[in-house]
Number of protein chains: 2
Amino acid sequence: MTKLEKLIKILKSKGKRITENKEAILRILISTKNPIGIPDILNQLSYKNLLPNKTTVYREIYNLEKLNIIKKVFIDQENKLYELNSEDDHHHHIVCTICNKVAEFEPPIEIEESFKKFQKTLSKKNNFKITDHSFEFFGTCNNCNNK
Amino acid sequence: MTKLEKLIKILKSKGKRITENKEAILRILISTKNPIGIPDILNQLSYKNLLPNKTTVYREIYNLEKLNIIKKVFIDQENKLYELNSEDDHHHHIVCTICNKVAEFEPPIEIEESFKKFQKTLSKKNNFKITDHSFEFFGTCNNCNNK
DNA sequence: AAAAAGATAGCAACTATGTTGCAATTATAA
DNA sequence: TTATAATTGCAACATAGTTGCTATCTTTTT
């Protein structure tokens, strides 16, 4: 079963309908390598000759986020950026603060382990139910360094 | 020397002038416990009966960021949020995704150490000059959990 | 003291992102 | 077939943030 099929199955099981717009949005989310924002999604849809109203896309992204299919990525403050929220691919990002190029990395197990431990301590101390974390690096990429 | 005096000294050494607006913005940045956005700064200024044009504040924040006196905090995508960039207080945030309450934490030394090590590996692997990182937790605070 | 340089500031106009209310349409289930 | 709920578009709006221009003020230079 492809990623797309899996997602469609989940959506249908939640009583959602698969429309041309929605499937196209899913395809974009699946195929894009980097976190993506809504203005960019609207652009990509228009390349495919789909011209849904922006309200439609904003609402669809809102729904996908509520269903936990996508999640916000905190690496940029110009746009809200999203990416698929897949259990089996827990990755983070390195962002070039000049050209906005994004690379992914998976932290070594030791780090993930120490996060988990620390998260428990922190949770108790601050009386927070912790559900997520962000761990991202910022800097300048090779290309921008040599300009 | 108070924080304010230190900052004023730095600004003056860079040929900047200390105006009523600027000093008030610095005071707000110093006294605020959580990362703050410009609309919020504008509000707080108006409470003090200062009504600078928003352009003025946007520009001042831009300057402070360029001078490395403040830095962006990546915990929210509604607003650009900033906080003072003090060397001696390297902290991160736990954010309530319901009420937006923010608490701070300082990660244990082991974690900071492992970050540094890992950062080197990552830097080589991806050909990035890494200058900063974000490490934040998200969840729900005690108050919101009991509602 | 006058002039030059540059820092500060305000204003209007603009762009872009994102939101809301409403009405129309369409698909699914009973 | 009818009721229910999902989807969509549209217009209007709200807000954040930017830009060009001009005016003013402060510091430094002459």
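A, B, ... follow the sequence lines: proteins, then strands. Residue 1 opens every chain.
Distance B:Gln77 CD to C:dT19 C1': 16 Å, rounded to the nearest Å. If you measure from atom CG of A:Leu11 to atom C1' of C:dA27, you get 15 Å, rounded to the nearest angstrom. One can place CD of B:Glu20 at 16 Å from C1' of D:dT26, the figure rounded to the nearest angstrom. Rounding to whole angstrom units, CD1 of residue A:Ile18 and P of D:dT8 are separated by 10 Å. Across the protein-nucleic acid pair, B:Glu78 atom CD and D:dG17 atom C1' stand 15 Å apart, rounded to whole Å. At whole-Å resolution of the value, NZ in B:Lys12 and C1' in D:dT27 are 12 Å apart.
Residues from residues 38-64 of chain B lying near DNA chain C, meaning a heavy-atom separation below 4.0 Å, are B:Pro52, B:Asn53, B:Thr55, B:Thr56, B:Arg59 in numerical order.
In this model, the phosphate group of C:dT8 is not approached by any side-chain N or O of B:Asn21 to a distance below 4.0 Å at OP1 or OP2. Between A:Thr19 and C:dT26, a side-chain N or O to OP1/OP2 separation shorter than 4.0 Å is absent.
At a cut-off of 3.5 Å, with distance as the only test, no side-chain donor of B:Asn21 or B:Thr19 sits close to an acceptor on the other residue. Residues B:His93 and B:Glu136 have side chains that bring a donor and an acceptor to within less than 3.5 angstrom of each other.
Ion pairing between A:Glu83 and A:Lys72 fails under the 4.0 Å rule for side-chain N and carboxylate O. Of the charged side-chain nitrogens involved, none lies within less than 4.0 Å of a carboxylate oxygen, so that B:Glu5 and B:Lys9 do not count as a salt-bridged pair. Salt bridge present: B:Arg27 and B:Glu23 bring a charged side-chain N and a carboxylate O closer than 4.0 Å. Taking 4.0 Å as the cut-off between side-chain N and carboxylate O, B:Glu104 and B:Lys33 do not count as a salt-bridged pair.
Between B:Phe135 and B:Phe115, the ring planes are perpendicular. Angles over 60° get that label, and only those under 30° would be called parallel.
Side-chain atoms of A:Gln77 come within 3.5 Å of backbone atoms of B:Val73 as a donor-acceptor pair (strictly under, hydrogens ignored).
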Short heteroatom pairs, N/O only, protein and nucleotides 4-6 of chain D, under 3.5 Å:
from	atom 1	to	atom 2	distance (Å)
D:dA5	N3	A:Arg17	NH2	3.2
D:dA6	O4'	A:Arg17	NH2	3.3
D:dA6	N3	A:Arg17	NH1	3.4

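B:His92 pairs in a ring pair (Phe, Tyr, Trp, His ring centres under 6.0 Å) with only one of the listed residues (B:Phe105, B:Phe74, B:Phe138, B:Phe137), which is B:Phe105.
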